[in-house]
Amino acid sequence: MKNISYIIIATFLLTSCHSKSQSTNNENEIQNLKPVQVEAIDGLERAYFASGCFWCVEAIYESVKGVKESISGYSGGHTQKPTYEASNTGRTGHAEAVEILYDPKIVSFATLVDVYFGSQNPTQINGQGPDQGSQYRSIVFYQNDEQKEIIQEKKSILSKKLNKRIAAEVLPFQKFWKGEPYHQDYEKRNPGNPYIQGVSIPRLKRFQNKFPELIKEKH
């Protein structure tokens, strides 16, 4: 369960080294794999990102023009059919991720990458805000060489601009596992949740204030 009071220090100290080592080994293995290209359906293409809590990231992307839907789930790991409880151990290799269904005629993949880097702390390793651990690490997934070049170029420019190392992994997409039903549209359906009030909504508002030109008009 998300906890606005942050992760208990003792638990983090006991598990972080193991999780970091496992996630590094997993990343090295995935880097050598050929990316999987996901076919467009009804003109909608798909993109995959991990950036901390998927409740937060889902809401951010769903506020962007051209995004039809954002789905919470898991990706980047080595186990089959991951669950929320299993991913939270940090031992599956998976990170909380989102699948973005978008209209490329309205919003480009490059813009979605801008949204990605612009809606997080790009230098935070293994987490975002209070959510810490390899399951909350930042990953940008690519499905072809063109997407890989776009991601790497934007990551390099941002690194030079900040004069800091950018934490996001750049990995070939393999498979997305849809999360449990209660995670979908969580922020929208649970506006009074303390985590949503204290972490998700402020993060969404910071993004929207930073990129007002990308936000859908309210009807």
Side-chain angles (χ1 to χ4, degrees), residues 22-52 54 57-58 60-62 64-80 82 92-126 128 134-178 207 211 213-214:
Q22 196 139 9
S23 116
T24 300
N25 291 336
N26 183 52
E27 179 188 356
N28 291 336
E29 292 176 3
I30 294 179
Q31 287 283 10
N32 296 322
L33 297 175
K34 183 179 179 180
V36 174
Q37 180 75 52
V38 182
E39 292 185 8
I41 300 178
D42 296 329
L44 297 178
E45 296 186 1
R46 303 183 185 221
Y48 301 87
F49 304 95
S51 174
F54 49 21
V57 186
E58 180 188 70
I60 287 169
Y61 275 103
E62 286 192 342
V64 174
K65 293 176 183 177
V67 172
K68 179 69 174 179
E69 188 175 1
S70 180
I71 301 169
S72 291
Y74 315 96
S75 196
H78 56 272
T79 63
Q80 300 291 306
T92 68
H94 288 290
E96 291 192 7
V98 293
E99 177 182 55
I100 308 302
L101 282 68
Y102 68 100
D103 185 343
K105 296 179 181 179
I106 300 175
V107 61
S108 66
F109 177 79
T111 297
L112 295 179
V113 176
D114 288 335
V115 170
Y116 174 80
F117 285 120
S119 60
Q120 63 171 289
N121 174 359
T123 64
Q124 184 173 344
I125 299 172
N126 268 6
Q128 281 297 306
S134 62
Q135 69 269 30
Y136 295 116
R137 71 193 189 277
S138 293
I139 311 173
V140 196
F141 296 94
Y142 63 88
Q143 299 172 46
N144 52 55
D145 289 340
E146 181 182 359
Q147 289 186 351
K148 183 178 181 179
E149 290 177 8
I150 289 171
I151 297 165
Q152 290 180 328
E153 181 179 5
K154 289 183 179 293
K155 182 178 176 180
S156 176
I157 291 172
L158 183 59
S159 179
K160 291 177 182 178
K161 179 181 179 180
L162 299 178
N163 195 27
K164 292 182 179 180
R165 177 181 177 274
I166 303 304
E169 300 171 13
V170 180
L171 298 181
F173 176 72
Q174 296 299 301
K175 186 174 179 62
F176 176 81
W177 302 90
K178 186 175 180 179
F207 162 72
F211 296 98
E213 71 282 3
L214 299 180

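The analysis underlying the following values was restricted to heavy atoms, covering all of them including side chains, and did not include hydrogens, waters or symmetry mates.
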Donor-acceptor under 3.5 Å ([X] side chain, [Y] main chain):
X	Y	answer
Gln174	Lys34	yes
Thr92	Pro82	no
Tyr116	Ile139	yes
Gln147	Gln143	yes

Q: Take Gln120 and Ser138, measure what side chain to side chain donor-acceptor pair (under 3.5 Å) needs, and give me the verdict at the end.
A: CA-CA 9 Å; Gln120 63 171 289; Ser138 293; 3.0 Å; yes

Q. Quick check, are the ring centers of Phe109 and Tyr102 under 6.0 angstrom apart?
A.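 Distance test on ring centres: not under 6.0 Å, no.
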
Q. Given the side-chain rings of Phe176 and Phe141, with only the six-membered ring counted for Trp, is the space between their centroids under 6.0 Å?
A.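 That pair fails the under 6.0 Å test.
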
Q: Would you indicate whether the side-chain heavy atoms of Tyr48 and Ile100 approach each other to under 4.5 Å?
A: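 Side chain of Ile100 against side chain of Tyr48, heavy atoms only: no contact under 4.5 Å found.
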
Q: Before giving the answer on side chain to side chain donor-acceptor pair (under 3.5 Å), spell out for Ser70 and Glu62 the whole-Å C-alpha distance, their side-chain angles and the decisive distance to 0.1 Å.
A: CA-CA 6 Å; Ser70 180; Glu62 286 192 342; 4.9 Å; no

**Q.** Polar side chain donor-acceptor pair, Thr111 to Ser108, under 3.5 angstrom
**A.**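 The criterion, which ignores hydrogens and geometry beyond distance, is satisfied for Ser108 and Thr111.
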
**Q.** Donor-acceptor side-chain pairing of Tyr136 and Gln128 below 3.5 angstrom
**A.**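 Not at all, the side chains of Tyr136 and Gln128 share no donor-acceptor pair under 3.5 Å.
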
(Q) Is it the case that over 12 heavy atoms from other parts of the model lie below 6.0 angstrom from the NZ atom of Lys164? (A)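 No, because the 6.0 Å sphere around NZ of Lys164 holds 12 heavy atoms or fewer from other groups.
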
Q. Should Lys68 and Asp103 count as an ion pair when the cut-off is N to O under 4.0 Å?
A.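 Answer for the salt bridge query: no.
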
Q. Between Trp177 and His94, what is the ring plane arrangement, given parallel below 30°, perpendicular above 60°, and tilted in between?
A.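 Trp177 vs His94 ring planes: perpendicular.
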
